[in-house]
Trainee: 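Structure below; questions to follow.
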Amino acid sequence: MLSRRDFLRSAGGITLLALNPLDDGLFAAPAPAAGPRLPLFTVVPYIQPGPRSRLQAGDESMVVAWQTLEGAADFTVDFGSSERYGRSAPCARAPRASGRGGDGEPRLNWTAAIDGLPLAQQIFYRVRGNGATLAEGYFTTRQPRGRPIRFVSFGDNSYGDLSDRAIAFHTYQQHPDFVMNCGDNVYESGTDDEYQRYFFPVYNADVAGERLGAPLLRSVPFYTVIANHDVQGKDERGNEIADFGRNPDALAYYTAMHLPLNGPEAPGFPTPMMGPAGRIDRFRACAGARFPRMANYSFDYGDAHFLCLDSNRYIDPNGAALRTWIAGDLTATDATWKFVVFHHPPFNVGDEHYTVQHMRVLSPLFEAHGVDLVLSGHEHNYQRPRPIRFKPSGAGKSADVGGKDRRVPGEFTVDRAFDGQSNTRPDGILYIVTGAGGKHLYDAGFTDTPSRWTHADDGDVEYVAKMVTDRHSLSVFDVDGARLTMTQIDEAGREIDRIVVTKTSKRISSAAARGE
Ligand SMILES: [Fe+2]
């Protein structure tokens, strides 16, 4: 008879899970021969990148995390460079309040921080509870400079739809080193309960399948950015705010995710919160140093640098502290490729969120520091603009914090010669919108209608080269020395776009950073 372990491995799963699924997203460990039974699991073990930003041999981190209902448990995480393990990491627990949508019970967030790892090393791990092995798997630490990398990017996913599962499956099929999500990675309100129902079952499914999802999160680091659906609630003026009165388990971004902690300790525009002080205090206790530092952070992977920003509507991107931190971060890296990732796209010709343009005022700063690509979502489709240089004519409405009309007029210089095939040297930044990650699509009928890809407010400048709105899709990036390939894959696994970007050497990006 096929064991559960053999079944999961043959079906494409990676981790043995001695955790049996019950109804309602709960999992039960086997009853022990003696002693207390473990509490029910609400989220089975997954990995997260942990706090490290810069690449440093011997200083790599990874976090193994899981969630349970309240209850006593003795957990251990063993790890090592083989399945003989050899080392153990201490396990910490932090309570979270119960939410509105699920079983109404509070949770415990469990984490084991694994530190001091080498770069580019496969690490095996095992989670044990009350002595019994519950899960085992492996991950690979980050690649150093000079090594090729592959990552997948998409945004606006996870609301329990089959399209979420198809995107997860085709992401898994690409065997990425990591995922770089562009925000809104769960709907509707970014709560623990929604992560349990819509996010983890899809990206940490036991078995890979187009209608099932994939076992990604137990093996593949998942980076993301905070977006509007992580901060759902309205203050008296109708502005975005995390409302702990309505959702006691709000802002799960800061508690379920474990991302680099090199962001500002006191960002100029921290995520706003309202509700009973006791609930906010409990959230802060669980998030620890992650709130508010994880709103903005950066990291390196191979020859690429990623700057991840909070672009929510409570942000004023003209703020001096934010701009200074961004400039400092982009100056400090010697990576060949510089990516900036945030949720609200500066250049988007769709109808839904066209006026939310506040991040445009950062374009001159990005250009001065040699940024190659900006990745965003929010508009639920795929848009590939031509290389753009943009000179804002003043701040426009970018400082109108909270508003939906944040238009920033300015002067476009569009590189129409770049085609990503015969001409692979862009003069300007590629602002990719990859927001077709699973949620319902926007802008039906735009796909084959380039005449709709302009706006009078932008002088009808034809800055978009490709737009696909009739299917969900994901972006695959291969970064190999001075050559970058981006391939757009749809929810059936078909290639729908591909560009190559090249530069002569690393010298080019550092010269651009100096404004030469
Ligand atoms: Fe969004």
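For ligands, and for the atoms within them, numbers begin at 1 and follow the listed sequence. Not measured: the values here are computed from a predicted model.
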Trainee: Give a yes or no on whether a salt bridge exists between Arg360 and Asp458, defined as a side-chain N under 4.0 angstrom from a carboxylate O.
Mentor: yes
Trainee: Answer yes or no for Asp156: is there an N/O/S atom below the 2.8 Å cut-off from the Fe ion (ligand 1)?
Mentor: no
Trainee: Between Asp400 and Arg406, does any side-chain N to carboxylate O distance fall below 4.0 Å?
Mentor: no
Trainee: As an exercise, state the distance from CG of Asn228 to NE2 of His343, rounded to the nearest 0.5 Å.
Mentor: 4.0 Å
Trainee: Are side-chain N/O atoms of Gln383 and Asn381 paired as donor and acceptor at under 3.5 Å?
Mentor: yes
Trainee: By atom name, which N, O or S atom belonging to His343 lies closest to the Fe ion (ligand 1)?
Mentor: NE2
Trainee: Looking at the Fe ion (ligand 1), is there an N, O or S atom belonging to His344 that lies under 2.8 Å away from it?
Mentor: no
Trainee: To make sure I understand the geometry: which N, O or S atom in His378 is closest to the Fe ion (ligand 1)?
Mentor: ND1
Trainee: If you consider just the N/O/S atoms, which atom of Asp184 is the closest one to the Fe ion (ligand 1)?
Mentor: OD2
Trainee: I want to know whether Tyr46 and Phe199 have ring centres closer than 6.0 Å.
Mentor: no
